[in-house]
Number of protein chains: 2
Amino acid sequence: MAGCQRRNTRQRQVVLEQLRACYCHPTAGELYQRVREYLPRISLGTVYRNLDILQENGQAIRLAGVMGSEARFDGRCEPHLHFQCGQCGQILDLQTEYPALDELVGTTVEGHTVTSYQVLLHGDCRTCALSGRE
Amino acid sequence: MAGCQRRNTRQRQVVLEQLRACYCHPTAGELYQRVREYLPRISLGTVYRNLDILQENGQAIRLAGVMGSEARFDGRCEPHLHFQCGQCGQILDLQTEYPALDELVGTTVEGHTVTSYQVLLHGDCRTCALSGRE
DNA sequence: ATCGTTGCAAAATATTTGCAGTTGA
DNA sequence: TCAACTGCAAATATTTTGCAACGAT
């Protein structure tokens, strides 16, 4: 179903809307809970299917492999840095820019054409650092 | 079991050995298959448990942001770029270096202390591009 | 001897899918 | 129309865990 004529369903709209409204890089399950406030009868399968389609459209990004075994999603698609705290697990968008990486997009690196990138910084977030947890 | 005295078991040795011997950034299941050639009675649970411990030890990395729903692992821990092909899904290590990011390690970005990072480039690999697939 | 580790099997999680009915273009 | 989409429920896939036996130190 990749090259077909997509329809603009209410479910797809609300999934995208709530993904964008939410700064927490939600898992599919978390997003499902939020979307259910607007579409109580939506199913988790539909959320997964729409997340796949939104990725194809370039309207969502999947962050797999971040701590924990659930994939997380981001509705902000301009390349930007992510930071994940090793203590609280929270994922944050950073404003800091890396022109060196932006310049790779559209070029070829070691023979491979680059169309986008993801950066994940690991460490201890300000809140955890201040609270002195170790 | 995080702060305990680790033992150097044969299972842990072989898991690390095969992770390093393998340039394909294997999933836990793929690694399990390889390790079984040497330790036929090892269980998948043990592979998962050892991958967790190796990550704690800084001897393995769980790749962030990769396509697909299984986690993938890398036994090469010096920071380096990864590239994943959107067509064949293959993940490659790149040699290209990005000092700008190395410099972030040990510093604070927007208040958050950075201890490590991962970069994943997306695009079309040379092989897929040459084979003209779209 | 101690206690971290293992294999096994079951449980818990997470994701995908078949299908019949619904709906957007 | 009619093919894309949905809800539901079942199927799969992935990861984690309890437990008794084992083995490194």
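The model shown is predicted, which means the values in this text are computed figures rather than measured ones.
Residue pairs meeting the salt bridge (charged side-chain N to carboxylate O under 4.0 Å, His left out) criterion with at least one member in residues 15-32 of chain B, sequence neighbours excluded, are B:Glu30-B:Arg72.
Taking the charged nitrogens against the carboxylate oxygens, B:Glu56 and B:Arg6 do have a contact shorter than 4.0 Å, which makes a salt bridge.
Regarding A:Leu51, its CG atom lies at a distance of 10 Å from the P atom of C:dT16, rounded to whole Å. In this structure, B:Leu54 places its CG atom 11 Å from P of C:dT5, rounding to the nearest Å. In this structure, CZ of B:Arg36 is placed 12 Å from C1' of C:dG7, rounded to the nearest angstrom. Summarising the geometry, the separation between CG on A:Asp52 and P on C:dA14 is reported as 17 Å, rounded to the nearest angstrom. Taking atom CD of B:Gln13 as the reference point, atom C1' of D:dA24 lies 11 Å away to the nearest angstrom. B:Arg62 places its CZ atom 13 Å from the P atom of D:dT14, with the value rounded to the nearest Å. Across the protein-nucleic acid pair, B:Leu44 atom CG and D:dT15 atom P stand 9 Å apart, rounded to whole Å. In this structure, A:Tyr32 places its OH atom 14 Å from C1' of C:dT15, rounding to the nearest Å.
Between B:Thr9 and C:dT6 there is a side-chain polar atom (N or O) within less than 4.0 angstrom of OP1 or OP2. The side chain of B:Asn50 places an N or O atom within less than 4.0 Å of a non-bridging phosphate oxygen (OP1 or OP2) of C:dT6. The phosphate of D:dG7 (OP1 or OP2) has a side-chain N or O of A:Gln11 nearer than 4.0 angstrom.
Considering only side-chain atoms of A:Ile42, the nucleotide from D:dT6, C:dT23, D:dG7 that sits closest is D:dG7. Residue A:Ser43 has its side chain nearest to D:dC8 when only D:dC8, C:dT5, D:dT15 are considered. Comparing atom distances between the A:Arg12 side chain and each of D:dT6, C:dT6, D:dT15 picks out D:dT6 as nearest. Among D:dC5, D:dT16, C:dT16, the nucleotide with an atom closest to any side-chain atom of A:Tyr48 is C:dT16. Out of C:dT5, D:dT25, C:dT15, the shortest distance to the side chain of B:Cys4 is found at C:dT5. When distances run from any side-chain atom of B:Arg41 to the nucleotides C:dC8, C:dT15, D:dC5, the shortest one goes to C:dC8. Distances from the side chain of A:Arg7 to the nucleotides D:dT15, C:dT5, D:dC2 place D:dC2 closest.
Within the cation-pi definition used here (under 6.0 Å to the ring centroid, within 45° of the axis), B:Arg126 does not qualify as a partner of B:Phe83.
Under the 4.5 Å side-chain criterion, counting only non-hydrogen atoms from C-beta, A:His25 is in contact with A:Leu63.
For B:Arg6 against C:dT5, a side-chain-to-base donor-acceptor contact under 3.5 Å is absent.
For A:Gln33, the CD atom counts as densely surrounded, since its 6.0 Å shell holds more than 12 non-hydrogen atoms of other residues, nucleotides or ligands. Counting heavy-atom neighbours within 6.0 Å of B:Glu110 CD, excluding the residue itself, gives a total above 12.
The other members of the hydrophobic cluster of A:Tyr38, by chain and number, are A:Val14, A:Val15, A:Leu16, A:Leu19, A:Leu31, A:Tyr32, A:Val35, A:Leu39, A:Ile42, A:Leu44, A:Val47, A:Tyr48, A:Leu51, A:Leu54, A:Phe73 (side-chain heavy atoms under 4.5 Å, ILVMFWY only).
Nearest-nucleotide assignment on DNA chain D puts the 5′-proximal partner with A:Arg49, out of A:Arg49 and A:Ser69.
Between A:Asp93 and A:His82, the side chains place a donor N or O and an acceptor N or O closer than 3.5 Å (distance only, hydrogens not considered).
If one axis is set at each end of the helix from C:dA1-D:dT25 to C:dA25-D:dT1 from five pairs, those axes are 50° apart, to 10°.
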